[in-house]
Undergrad: 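Okay, here's the structure, questions in a sec.
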Amino acid sequence: MRAAAAASSAARTASSLHSALLAANLCGVALLLLLHLRSDGGDQRAAASNCQQALGALDSPQIMAGEDSRELLSGGVIAEGAEGGEGGEGACATSAPLNAGSKELLQWSEQLYRTNVARRNAAVGKDPVKFVLDWFKMTEGRPYKARAAFMFEVFAPAYPCLMEERLGTWLDGGKWVCRPSLLNASSVVYSIGSDGKDSFEEEIYSRFKSQIHVFDHTLTPRKKAKVERKRAYKFHPIGLAVSSNESASLSSFKDLTTVLGHSFVDVFKVDCESCEYDVIPSILDSYTTPPFGQLLIEIHDLDRSNADRLTRFLHKIESHGYRMFHIELNWRQLMSLEAAYIHESLC
């Protein structure tokens with residue numbers, strides 16, 4: 001009987017703890033939304049007051065027995081297998097405090113990013129190419145499973161963008177952007193290879209009135225005539241390449257920015273049917289400062305024969321200070337996926 005009573009008491013305590021933690025986490029989400037929506041101080045104080053009442057559940061005698069459970073919400077938590085000093089590889093990852101401001105939340109994201117990268121590198125080992133090839137070997141005869149496992153196990157998004165939003169359609173054509181509130185009428189957006197699908201560009205213009213340029217030299221006359229009439233952006237019948245070739249309607253990134261008079265591109269969206277493997281490294285190596293703030297890219301050729309080039313390509317982007325915050329498989333083209341990066345200077 002005593003054992004049963006003890007078990008019942010423990011179950012009630014666990015249930016109370018679970019409910020209290022759930023309430024506290026919901027309050028945290030609400031406060032983050034208020035920060036994102038830039039609500040006034042009165043709204044934030046009211047939400048904080050309501051959340052304080054919810055947090056009061058954590059002070060119940062049953063839950064307070066032992067450690068203060070609120071440490072689970074706002075105290076330091078060492079990531080499994082992570083060691084090292086603050087800010088370095090293997091840094092201590094702390095959970096985001098419920099009353100954190102934007103600056104504190106960004107610092108928490110940065111710290112967690114460093115921990116995630118350290119853990120990933122430790123798991124993959126010193127030879128990431130071999131690790132990737134082993135994935136393909138393990139899934140021989142199941143190439144789609146190999147591609148999915150490779151990207152989601154090895155190159156899962158390491159940067160936790162707390163204010164990530166999909167702009168444009170929820171279907172093919174929409175893109176995930178980190179902290180879209182950074183955009184305004186002075187922001188510059190380049191979109192390479194849209195194929196006439198412009199819900200992403202339309203929403204950016206509708207909400208932020210940014211300067212948007214769409215480039216595509218492969219459109220049919222009908223699609224070209226349609227996009228040329230759009231007010232949301234300026235269309236250019238030009239493709240992206242390492243070097244400009246006027247006769248082929250191709251231009252380098254540097255020549256595009258020079259002609260258009262841009263020193264920095266806030267959002268660089270790229271879908272150029274495998275040209276990314278040559279073009280993106282060329283762009284990154286040509287600048288001493290980041291040429292763009294966010295890179296939204298479709299990556300092609302996810303197969304075993306391309307494992308070496310693909311792995312080095314992804315490491316190249318990361319080595320130039322870009323943090324992957326989102327990834328999704330392209331279900332219409334099983335040999336490609338969408339990845340989104342933000343530069344460390346914006347984090």
Undergrad: Going by atom types alone, do Y277 and D301 pair a side-chain donor with an acceptor below 3.5 Å?
TA: no
Undergrad: Is a side-chain N or O of S286 found less than 3.5 angstrom from the main chain of S282, in a donor-acceptor match?
TA: yes
Undergrad: Give a yes or no on whether the ring-centroid distance for F268 and F253 is below 6.0 angstrom.
TA: yes
Undergrad: Check whether any side-chain N or O of S244 sits under 3.5 Å from a backbone N or O of S252 as a donor-acceptor pair, and report yes or no.
TA: yes
Undergrad: May I ask you to check if K197 and F200 form a cation-pi contact, with NZ or CZ under 6.0 angstrom from the six-membered ring centre and within 45° of the axis?
TA: no
Undergrad: Look at atom NZ of K226 and say whether more than 12 heavy atoms of other residues, nucleotides or ligands are closer to it than 6.0 Å.
TA: no
Undergrad: What are the two closest non-hydrogen atoms of S251 and I238, and how far apart are they?
TA: CB-CG2, 3.7 Å
Undergrad: Closer than 3.5 angstrom, by distance alone: can the side chain of E276 be matched with the main-chain N or O of S274 as a donor-acceptor pair?
TA: yes
Undergrad: Which heavy-atom pair separates A339 from M324 by the least distance, and what is that distance?
TA: CB-CE, 4.2 Å
Undergrad: Looking at K224, I want to see if its NZ is surrounded by more than 12 non-hydrogen atoms of other residues, nucleotides or ligands under 6.0 Å.
TA: no
Undergrad: Do Y287 and F313 sit in one hydrophobic cluster, given that two such residues count as connected whenever their side-chain heavy atoms are within less than 4.5 Å of each other, even indirectly?
TA: yes
Undergrad: State, yes or no, whether a side-chain contact exists between I280 and L295 at a heavy-atom distance under 4.5 Å.
TA: yes
Undergrad: Quick one: are the ring centres of H320 and H343 less than 6.0 Å apart?
TA: no
Undergrad: Considering all heavy atoms of both residues, which atom of V227 and which atom of G196 are nearest to each other, and what is their separation?
TA: CG1-CA, 4.1 Å
Undergrad: Give me the atom names and distance for the closest heavy-atom approach of S210 to V189.
TA: CB-CG2, 4.3 Å
Undergrad: With a 4.0 Å cut-off, would you call R323 and E110 a salt bridge?
TA: yes
Undergrad: State whether the side chain of N184 and the backbone N or O of S187 hold a donor-acceptor pair below 3.5 Å, judged by distance alone.
TA: yes
Undergrad: Any salt bridge linking E328 with R166? Criterion: basic side-chain nitrogen under 4.0 Å from a carboxylate oxygen.
TA: yes
Undergrad: Between the side chain of D271 and the main-chain N/O of E298, is any donor-acceptor distance below 3.5 Å?
TA: no
Undergrad: Are E338 and K175 close enough, and set up right, to give a salt bridge (charged side-chain N to carboxylate O under 4.0 Å, His left out), and what steps lead you there?
TA: CA-CA 9 Å; E338 308 272 357; K175 302 293 178 182; 2.7 Å; yes
Undergrad: To the nearest 0.5 Å, what is the distance between NE2 on H236 and CD1 on I192?
TA: 9.0 Å
Undergrad: Among Y341, Y159, W176, which residue meets the ring pair (Phe, Tyr, Trp, His ring centres under 6.0 Å) test with H326?
TA: W176
Undergrad: Using a strict 4.0 Å threshold on nitrogen-to-oxygen distance, state whether E201 and K230 make a salt bridge.
TA: no
Undergrad: Pair E228, K223 - check salt bridge (charged side-chain N to carboxylate O under 4.0 Å, His left out), show working.
TA: CA-CA 9 Å; E228 286 179 334; K223 287 183 178 180; over 6 Å; no
Undergrad: Any heavy-atom pair between the side chains of F325 and Q294 that's under 4.5 Å?
TA: yes
Undergrad: With a 4.0 Å cut-off, would you call K316 and D285 a salt bridge?
TA: yes
Undergrad: Less than 6.0 Å separating the ring centroids of F292 and Y190?
TA: no
Undergrad: Minimum heavy-atom separation for C275 and L240, please, with both atom names.
TA: SG-O, 4.0 Å
Undergrad: Would you please test N116 and R119 for side-chain hydrogen bond (donor to acceptor under 3.5 Å, both in side chains) and show each step?
TA: CA-CA 5 Å; N116 288 342; R119 295 184 65 192; 5.3 Å; no
Undergrad: Distance only, no hydrogens: is a donor on one side chain within 3.5 Å (strictly under) of an acceptor on the other, for D255 and T258?
TA: no
Undergrad: If you take all heavy atoms of P160 and L112, which pair is closest and at what distance?
TA: CG-CD2, 3.8 Å
Undergrad: Please confirm whether the backbone N or O of T115 pairs with a side-chain atom of R120, one donor and one acceptor, at under 3.5 Å?
TA: no
